[in-house]
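Everything below concerns the one structure shown next.
All values derive from a computational prediction rather than experimental measurement. In what follows, every chain begins at residue 1, and chains take the letters A, B, ... in the order their sequences are listed.
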Amino acid sequence: MSISKTYNPTEVENKWYSYWLQHKFFKSVPDEREPYTIVIPPPNVTGVLHMGHMLNNTIQDVLIRRARMKGKNACWVPGTDHASIATEAKVVAMLKERGINKKDLSRPEFLTYAWEWKEKYGGIILDQLKKLGASCDWDRTRFTMDDDLSDAVIDTFIHLYKKGWIYRGVRMVNWDPQGKTAVSDEEVIRKEVNQKLYYIKYKVSNGSSTHLTIATTRPETIMADAAICINPNDERYKHLHHQKVYIPLIDREIPVILDEYVTMDFGTGCLKVTPAHDLNDYELGQKHHLPVIDILNDDGTLNEKAQILVGEDRFAARKKIATLLEEAGYLEKVEEYKSQVGFSERTNAVIEPKLSMQWFCKMDEMAKPALDYVLKGDIKLIPEKFINTYRHWMENVKDWCISRQLWWGQQIPAWYLLDGQYVIAKTKEEAFEEAKKLSSKIENLQLDDLKQDEDVVDTWFSSWLWPISVFDGFKDPNNADINYYYPTNDLVTAPEILFFWVARMIMAGHEFRGELPFRNVYLTGIVRDKLGRKMSKSLGNSPDPLDLIEKYGADGVRVGMLLSSPAGNDLMFDESHCLQGRNFFNKVWNAFLLVKGWKVDDTLANPNNIAIQWFKSRFSEALTQIEANFAQYRLSEALMDTYKLVWDDFCAWYLEMIKPAYEHPIDRETYEQTLLFFTDILKILHPFMPFITEELWHDELFGERAEMDCCIVAQMPKIEQINTQLLNDVEIVKQVITDIRNTRNSKQISPKDALELSVKINSGIDYNQYQSIIAKLGNISQFSIVNDKVSGAVSFMVSKDEFYIPLTENIDPVAETERLNKERAYLLGFLKSVDAKLSNERFMNNAKPEIIENELKKKVDAETKLKIIEENIASLAN
RNA sequence: GGGAGUUUAGCUCAGCUGGUUCAGAGCAUCUGCCUUACAAGCAGAGGGUCACUGGUUCGAACCCAGUAACUCCCACCA
């Protein structure tokens with residue numbers, strides 16, 4: 001098998017992904033091994049892959065591949081979320097394009113369209129994940145509206161209802177007029193927007209011509225006013241106590257009420273109270289027994305109760321009413337004003353506070369154990385800083401509005417009787433039986449008298465069950481899968497959904513399994529562009545992930561994503577990272593080409609033992625570091641350790657040390673060792689760069705591979721004994737080589753010209769054994785150990801040892817002296833600081849003994865060096 | 001308004017229990033190289049008052065207090 005000169009990612013990626021699939025390497029079934037489980041945060045079924053998914057899933061894949069290679073039974077469960085609001089919106093839009101209005105469809109008809117649409121476009125994102133190399137067990141793919149998962153939703157609804165934790169009530173909810181549904185508090189995103197503050201005059205009805213002025217950002221709601229409220233302590237308005245005023249334009253009379261809730265120094269100190277359209281006003285209205293006048297339709301247009309501007313959209317009405325007020329002389333002034341406005345997370349429509357009958361889930365009881373898991377450390381949040389946020393939310397948790405006025409989702413299992421009573425039951429038949437038991441029985445109750453609640457539950461009411469439901473933990477609570485895989489190990493997700501999803505999964509885990517759902521939550525950051533803006537479709541600042549894969553290879557993009565993304569920190573994405581990733585796999589490829597090109601001569605018996613032993617130790621040293629970083633979920637650092645090990649230690653040093661001269665053969669032992677090293681390198685690279693490593697793994701260089709002998713299931717190398725002495729020595733040897741190269745650079749000597757090198761050893765290092773390495777990498781023709789200083793040579797010092805390169809014609813005593821003087825000055829300064837410490841009584845009394853010992857050693861070392869330098873300066877002067 | 005976090009080289013980030021003259025890495029930059037694995041490369045080099053001000057300490061990037069800037073989360077000021 002010949003190997004191509006350059007690595008071709010696309011071809012290789014497709015080849016190996018199919019191979020992995022075909023040989024079921026992603027598949028997991030319970031066995032005697034330790035499980036390692038991740039459930040994917042299910043992306044919206046309508047979604048397409050964006051940079052956030054790339055980051056998130058790359059991390060998951062690295063973790064899962066590593067676990068697999070560490071002998072665990074790794075199971076990554078993929079799937080999608082039905083995302084009721086988002087999907088329903090898309091389906092409605094699609095129907096509209098076809099000239100179909102949702103209103104004209106029955107529920108079953110609509111759902112048929114929706115399912116068709118889901119089947120057609122639903123899988124896209126999962127296929128995109130495959131391009132990234134995601135090693136999910138695709139046979140386990142679930143959808144939150146699969147029958148079993150929907151059943152679980154209904155069952156848990158009934159369970160919680162029976163516990164008294166689900167109730168129905170009229171509340172002020174966040175109404176999304178575009179989605180025409182209520183949304184939960186968490187789905188409202190507040191943004192500061194520039195608004196106008198309208199000052200509007202209301203006539204007092206006592207016959208005098210006085211008026212009061214209120215300030216509002218929402219003049220279109222004055223028709224829904226129920227009162228004007230002033231602070232009883234406000235001296236300015238004592239005369240208004242117990243008066244009534246007329247709403248402008250419609251001249252409806254409303255009372256002036258008193259409440260300390262009103263801030264005197266904001267606006268005019270007069271507050272219009274509009275219970276139907278503002279949460280605070282609603283509460284104020286409750287307190288003062290005010291009527292609720294709702295002037296808005298579900299779609300945000302004004303209804304007939306508004307009397308004027310009926311049918312107008314709320315924002316159009318706002319503009320028009322401003323004009324009307326102005327014309328009628330009621331508008332005192334308009335000011336620019338910044339305030340917070342809530343937007344729907346799903347549709348981006350401005351949220352309308354609206355009173356309506358909804359289903360709620362009580363949270364306080366469930367929050368307690370869910371908080372404990374995290375506070376006790378049974379569930380770890382990574383990074384830990386999120387614990388505070390989590391606690392704050394859990395301690396102030398509010399009941400969860402779980403009903404949504406949509407069709408796409410799990411329909412609420414509430415069945416209404418003709419008289420408005422209702423029962424909760426899974427099926428109509430069960431509901432019928434329940435209904436017959438009601439205390440106030442209905443005569444002649446017929447099955448068809450029961451009408452199911454039209455609403456569906458919030459999508460999160462299904463996804464909070466995800467870690468259990470994907471293993472059929474509801475349908476069959478004692479099955480082999482759930483017993484084996486649950487609790488799962490790591491969850492990788494965005495901090496944005498810590499409350500939406502993570503917290504609720506913990507609650508559900510405890511409530512329905514009596515156990516936590518996962519042990520570690522790795523919270524990723526937001527992917528931002530160079531300017532720090534969140535990457536989003538609407539800003540157009542997000543590259544298409546698939547284009548990136550096309551351009552840099554999946555391995556390159558994976559490395560690019562991970563190069564700089566510590567947990568919890570936002571990722572400042574820059575394509576140059578992917579470039580760096582590509583350059584990296586290119587480096588690996590070329591190193592491979594080099595080794596592959598070598599011819600072995602079995603008669604050679606001069607293995608590079610030093611190089612081999614050194615790299616062995618170095619590899620274990622790096623592996624120790626890599627493991628430690630993984631243990632702390634420092635993926636970027638683990639990657640960087642690997643990167644440096646491969647690029648610097650292996651390619652730049654080890655391969656250069658052992659590389660035979662052009663067209664010369666290599667000895668058997670060195671060759672075999674190098675192949676072993678390469679194998680280990682492929683293994684540690686694999687979680688980051690699965691494709692190129694698998695490709696190289698199968699090269700004939702490593703001999704015939706059995707069908708199932710793949711890098712993806714290779715076992716990670718183990719940490720072996722580290723020869724610290726050797727590692728230290730080689731660091732010095734590397735420094736010697738660097739200094740030789742530096743000398744060449746500064747004297748403009750070509751690397752091709754061989755040099756002579758002498759060393760006067762003061763350190764006790766045995767340079768004899770490193771001679772050949774120094775000679776090879778420094779291009780030294782003659783290496784000698786001397787007892788005296790060499791005059792007329794360029795010198796440098798490494799550790800305490802003096803090195804000389806005779807260069808009579810090029811030597812410049814003045815420059816050389818200057819250089820040595822600089823070093824001398826540095827050492828003098830250094831000694832001074834050390835002496836200062838050592839002569840400081842308090843330091844000697846307080847510092848730990850090992851610190852003092854270290855200082856003493858520093859002193860001796862520096863003095864030795866100083867002495868040598870001063871001798872050298874003296875000898876130059878001669 | 002409340003809470004959390006961040007601030008270290010041009011950029012992205014490390015810096016664990018305060019202890020080498022401690023200031024580090026990768027990228028970028030600069031210099032020199034087409035040295036037969038790799039110019040997607042090789043060999044080198046330069047770059048920082050650790051945001052600011054005080055304090056604690058023998059010793060501070062690290063601990064404490066204050067200041068500033070930025071980010072995120074939570075919160076109903078019309």
Side-chain angles (χ1 to χ4, degrees), chain A residues 5-6 172 185 190 197 214-218 229 261-263 266-268 270-274 278-283 337 339-340 342 353 383 385-389 392-393 396 495-496 498-499 525-526 530 532 556 563-566 568-574 576-577 579-580 582-598 628 632 634 636-637 640-641 643-644 647 651-652 655-656 659 662-663 738 741-742 744-746 748 750-752 779 826-827 829-834 836-837 840-848 850-852 854-855 857-858 861-862:
Chain A
K5 190 81 182 150
T6 52
M172 187 65 93
D185 291 345
R190 289 183 187 279
L197 193 57
I214 57 98
T216 180
T217 52
R218 304 202 55 193
C229 189
Y261 164 76
V262 180
T263 326
F266 184 86
T268 60
C270 297
L271 171 73
K272 79 198 250 319
V273 184
T274 319
D278 184 282
L279 180 59
N280 301 303
D281 290 12
Y282 175 69
E283 281 163 7
Y337 182 66
S339 74
Q340 299 276 326
K385 67 176 178 184
F386 286 106
I387 293 174
N388 277 332
T389 327
H392 186 259
W393 192 77
N396 297 286
E496 302 159 324
L498 189 57
F499 310 127
I526 295 167
K530 272 195 261 187
L563 269 172
S564 175
S565 51
N569 274 21
D570 287 355
L571 168 62
M572 299 299 168
F573 182 80
D574 189 329
S576 69
H577 291 144
L579 189 66
Q580 195 181 345
R582 187 197 64 173
N583 292 352
F584 184 39
F585 70 58
N586 183 249
K587 185 74 187 174
V588 175
W589 187 261
N590 279 301
F592 188 81
L593 284 185
L594 172 69
V595 175
K596 196 176 162 67
W598 289 341
Q632 294 176 76
R634 298 171 164 213
S636 299
E637 292 189 49
M640 191 42 74
D641 291 336
Y643 179 94
K644 285 193 278 193
W647 199 307
C651 294
L655 288 180
E656 292 299 331
K659 184 162 119 181
Y662 184 55
E663 300 219 309
T738 301
R741 288 167 175 170
N742 261 332
R744 281 183 200 282
N745 249 356
S746 61
Q748 303 194 322
S750 158
K752 286 177 192 160
N779 192 12
Y826 171 88
L827 281 170
F830 179 76
L831 269 175
K832 204 175 151 192
S833 83
V834 176
K837 278 189 199 174
N840 183 327
E841 230 174 87
R842 284 189 283 185
F843 173 74
M844 298 304 281
N845 292 337
N846 294 319
K848 282 177 245 161
E850 61 266 30
I851 303 275
I852 294 174
N854 199 14
E855 291 297 316
K857 186 170 172 291
K858 272 156 60 180
D861 284 357

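- Within 4.0 Å of A:Val273, counting heavy atoms only, lies no atom of the nucleic acid at all.
- Among the heavy atoms of the strands lying under 4.0 Å from A:Thr738 are primed sugar atoms or P, OP1, OP2 only; no base atom is included.
- At a threshold of 4.0 angstrom between heavy atoms, the contacts of A:Asp570 are confined to the sugar-phosphate backbone, with no base atom among them.
- Across B:U12 and B:U7, the matching C1' atoms stand 14 Å from one another, rounded to whole Å.
- The side chain of A:Ser833 contributes an N or O atom lying less than 4.0 Å from OP1 or OP2 of B:U21.
- At least one donor-acceptor pair under 3.5 Å links the side chain of A:Asn590 to the backbone N or O of A:Asn586.
- Helical stems involving RNA chain B, defined as 3 or more consecutive Watson-Crick or G-U pairs under 3.5 Å, span B:1-7 with B:68-74, B:10-13 with B:24-27, B:29-33 with B:41-45, B:51-55 with B:63-67.
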**Study point:** Sequence-aligned protein contact record of nucleotides 34-40 of chain B, with B where the base is within under 4.0 Å of a protein heavy atom and S where only the sugar-phosphate is
**Key:** -SBBB-B

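- Judged by distance alone with a 3.5 Å cut-off, a donor-acceptor contact links the side chain of A:Thr263 to the base of B:C77.
- For A:Asn742, counting side-chain heavy atoms from C-beta on, the closest listed nucleotide (B:A78, B:A45, B:U20) is B:A45.
- Distance from the side chain of A:Arg741 is smallest for B:A43 among the nucleotides B:A25, B:A43, B:C58.
- Comparing atom distances between the A:Met572 side chain and each of B:U21, B:U12, B:C58 picks out B:U12 as nearest.
- Contacts of A:Tyr826 with the nucleic acid, taken as non-hydrogen atoms under 4.0 Å apart, include base atoms.
- Using a 4.0 Å heavy-atom criterion, one finds that A:Lys272 contacts no nucleic acid atom at all.
- Residue A:Arg218 is out of contact with every strand shown, counting any heavy-atom pair closer than 4.0 Å.
- Nucleic acid contact class of A:Phe573 (heavy atoms, under 4.0 Å, all strands): none.
- Applying the 4.0 Å criterion to OP1 and OP2 of B:C76, one finds that A:Tyr261 has every side-chain N and O outside that range.
- Residues A:Lys752 and A:Ser750 bring no donor and acceptor atom of their side chains to less than 3.5 Å of each other.
- In this structure, A:Lys848 does not reach the B:U17 phosphate: none of its side-chain N or O atoms is under 4.0 Å from OP1 or OP2.
- Regarding contacts with the backbone of B:U12, every side-chain N or O of A:Ser636 stays at 4.0 angstrom or more from both OP1 and OP2.
- Taking 3.5 Å as the limit, the base of B:C58 and the side chain of A:Asn840 contain no donor-acceptor pair of atoms between them.
- Not counting sequence neighbours, the partners of A:Arg218 by the side-chain hydrogen bond (donor to acceptor under 3.5 Å, both in side chains) test are A:Glu220, A:Glu352.
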